[in-house]
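The structure appears below as structure tokens.
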There are 2 protein chains.
Amino acid sequence: MWSMTAPMKAAAREERSSDTSGKTEPEKRGRKASKEVRQQQLIEATIDSLAKRGYAETTMADVADGAGLSRGIVNFHFESKEKLLIATLQYMYDEYSAHWRAALQKAGDDPARQLQVLVWADFDRSICNKRKLAAWLAFWGEAKSRPVYQALSSSRDAYYQQVFIDLCATLKESGGYAYEPQVMALALSAMLEGLWLRLMMGTEDTTRETALQAANAFLAAAFPKHYG
Amino acid sequence: MWSMTAPMKAAAREERSSDTSGKTEPEKRGRKASKEVRQQQLIEATIDSLAKRGYAETTMADVADGAGLSRGIVNFHFESKEKLLIATLQYMYDEYSAHWRAALQKAGDDPARQLQVLVWADFDRSICNKRKLAAWLAFWGEAKSRPVYQALSSSRDAYYQQVFIDLCATLKESGGYAYEPQVMALALSAMLEGLWLRLMMGTEDTTRETALQAANAFLAAAFPKHYG
DNA sequence: CCATATTGAATGAATGTTCAACAAATGGTC
DNA sequence: GACCATTTGTTGAACATTCATTCAATATGG
């Protein structure tokens, strides 16, 4: 439903876990905002709640409170709690998707640079912040037992993976490497997800900077001719 | 509480998601089993439920049913639902911990072989199966919002990470590599967790075999003198 | 004034916890 | 070994709470 509808506007907002709700926004807030504005507001409040309380403890009341609205409002805009959560997941999926596609677009034609840019995109502040990562992880935890989530829950989808494979294949040819592109692409994308996981868990020893360092070390090791 | 108490017995059982409960076990089952047996039985039923229904939908009734016992029994052996879940997480943590330590013990003195063995241990059937992985992910999804889980939820703890760093440092010296041991250790362990994640999600393109292939490709790229 | 949005109390279902009754094991005594 | 008392384990119904959902009343904007 909300596929690709202005996801970057929200992305540019970065972390907003400190300000408790959308109240401070310049949008008309008190009552009678447009449908789209209210829905996005509620989705953002849902992400807040997922990040703060986890999936299991996220309640409709908490979402409504977080948005500064009344209890029944969520069932009006979204039919049920389940649909709200699906819409939220779709929203994050679209945002992530649009982000790496835009980055790739601007990267130019050099495949080595394209791969580098994709890695950077993963650790961009607009995507890779505690709030969003926590929300992703909350969904992942429920994905296997909910078929509806499964398709959307891996932010890196089949197409993303294919782009990785193609880039690895191109680099292999131009650099004369020995690996299988498919295998190396899996190793690389798995490492990116693993670094996300570390950041989500919030262990002190992993920051966005050290994660990026690790990713670069991997690139240098796997493609020494290109990133030496 | 259950730290290190015979975790391998359960590990050897492998996947048991098909047989619905512990009923078929030769242990005395009908009534009045020993405290430890009942607790382990309930923990296994909890893992089943987490894997099948996810964290949010796991109920005390489902756990009791899964173990073939009555409703009130869980509150007798564990004081509350929260304590049952913590005990379950502790149980899995201990099992994982004991598994890689035992593998490392048997690996001999060659650091290259030790690292290889640690990677293999991660994809051993007793540890790396759908049931256990799903349960891990269920806990991870709740970890950031629950301080109690945080320490136990990263199966790979600080000590594990230090072992990785030390091995990377040793290999760097003997192979004359350029990377920073700490950074490469992070990249490697992140990739392992990322591969787990892929396996948990159950996407068709990643199996235990392809995951192991990817891990080996990483080792070969990062330590060409040792795994060429 | 009509369509649309919003409120907040009422409702009912789901679920964790408690507990009194009951059953099985244990151990001591004859 | 038989008997009984005590401890320990188990059951299932009752209870209290939390929460998603519904909806009649109300407010808003066009």
Side-chain angles (χ1 to χ4, degrees), chain A residues 1 21-23 25 27-46 48-50 52-88 138 142 145-146 148, chain B residues 1 21-23 25 27-46 48-50 52-88 138 142 145-146 148:
Chain A
M1 308 196 200
S21 72
K23 280 176 193 166
E25 281 171 345
E27 314 270 9
K28 33 187 171 175
R29 56 194 177 87
R31 35 198 71 175
K32 278 273 181 158
S34 80
K35 211 160 198 160
E36 287 90 21
V37 168
R38 267 293 121 85
Q39 285 177 345
Q40 179 160 331
Q41 185 185 0
L42 289 170
I43 284 175
E44 291 287 343
T46 305
D48 279 341
S49 184
L50 287 170
K52 201 188 311 164
R53 317 183 17 146
Y55 186 100
E57 304 297 324
T58 287
T59 73
M60 299 287 265
D62 193 52
V63 169
D65 289 355
L69 298 170
S70 73
R71 297 292 153 93
I73 197 67
V74 187
N75 287 94
F76 177 79
H77 285 290
F78 304 86
E79 203 171 320
S80 66
K81 183 184 184 183
E82 191 184 1
K83 291 191 175 161
L84 166 70
L85 289 167
I86 291 171
T88 302
E142 296 293 314
S145 51
R146 313 220 184 199
V148 198
Chain B
M1 305 195 198
S21 73
K23 279 176 193 166
E25 280 170 346
E27 314 271 7
K28 32 188 170 175
R29 56 193 176 87
R31 35 199 72 174
K32 279 272 181 161
S34 80
K35 212 161 199 160
E36 286 90 21
V37 168
R38 268 293 122 86
Q39 286 177 344
Q40 179 160 331
Q41 184 184 0
L42 289 170
I43 284 175
E44 291 286 343
T46 305
D48 279 342
S49 184
L50 286 170
K52 200 188 312 163
R53 320 187 9 151
Y55 186 100
E57 304 296 324
T58 287
T59 74
M60 299 287 263
D62 193 52
V63 170
D65 289 355
L69 297 170
S70 72
R71 296 293 154 93
I73 197 68
V74 186
N75 288 95
F76 177 80
H77 286 290
F78 304 86
E79 205 172 319
S80 65
K81 183 183 184 184
E82 190 183 2
K83 290 190 176 161
L84 166 70
L85 289 167
I86 291 171
T88 302
E142 296 292 314
S145 50
R146 313 220 184 198
V148 198

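Here is how names work: the chains are called A, B, and so on, in the same order as the sequence lines, proteins then strands, and each is numbered from 1.
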Candidates [options] - which lies nearest the side chain of [X]:
X: B:Ser70; options: C:dT7, D:dA20, D:dT11; result: D:dT11
X: A:Thr59; options: D:dA20, C:dG16, C:dA5; result: D:dA20
X: A:Ser80; options: D:dT11, D:dT21, C:dT7; result: D:dT21
X: B:Met60; options: D:dA20, D:dG9, C:dG16; result: C:dG16
X: A:His77; options: C:dT6, D:dT21, C:dT17; result: C:dT6
X: B:Arg71; options: C:dT18, D:dG12, C:dA5; result: D:dG12
X: B:Asn75; options: D:dT21, D:dT11, C:dT18; result: C:dT18

Atom pair distance, as rounded to whole Å: [atom1] in [X] and [atom2] in [N]:
X: A:Leu85; N: D:dC19; atom1: CG; atom2: C1'; value: 14 Å
X: A:Lys81; N: D:dT18; atom1: NZ; atom2: P; value: 15 Å
X: A:Glu57; N: C:dT15; atom1: CD; atom2: C1'; value: 13 Å
X: B:Asp62; N: C:dA14; atom1: CG; atom2: P; value: 14 Å
X: A:Phe76; N: D:dA25; atom1: CZ; atom2: P; value: 18 Å
X: A:Gln39; N: C:dT6; atom1: CD; atom2: P; value: 10 Å
X: B:Asp65; N: D:dG12; atom1: CG; atom2: P; value: 11 Å
X: A:Ile73; N: D:dA27; atom1: CD1; atom2: C1'; value: 12 Å

Exercise for review: Before accepting this row, confirm whether a basic side-chain N of the pair B:Lys52/B:Glu57 lies closer than 4.0 Å to the acidic partner's carboxylate O.
Suggested key: no
inquiry  = To the closest 0.5 Å, what do you measure between NZ (B:Lys35) and CZ (B:Phe76)?
reply    =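 Answer rounded to 0.5 Å: 6.0 Å.
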Heavy-atom nearest pair, A:Ser70 first then A:Ala64, reads O-CB, 3.3 Å
Exercise for the section: Kindly say if B:Lys35 contacts the phosphate of D:dG9, meaning a side-chain N or O under 4.0 Å from OP1 or OP2. Expected result: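 Affirmative; the distance criterion is met.
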Between A:Thr58 and B:Gly72, whichever has its closest DNA chain D nucleotide further toward 5' is B:Gly72
Notebook entry, point to check: Do B:Asp65 and B:Arg71 pass the salt bridge (Lys or Arg N to Asp or Glu O under 4.0 Å) test, and can you show the C-alpha distance, the side-chain angles, and the key distance before you say yes or no?
Noted result: CA-CA 8 Å; B:Asp65 289 355; B:Arg71 296 293 154 93; 3.3 Å; yes
Exercise. State which residue, out of A:Ile43, A:Thr88, A:Val63, A:Ile86, fulfils the side chain to side chain contact (heavy atoms under 4.5 Å, CB included) condition with A:Phe78.
Key: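 Among A:Ile43, A:Thr88, A:Val63, A:Ile86, the one that satisfies the side chain to side chain contact (heavy atoms under 4.5 Å, CB included) with A:Phe78 is A:Ile43.
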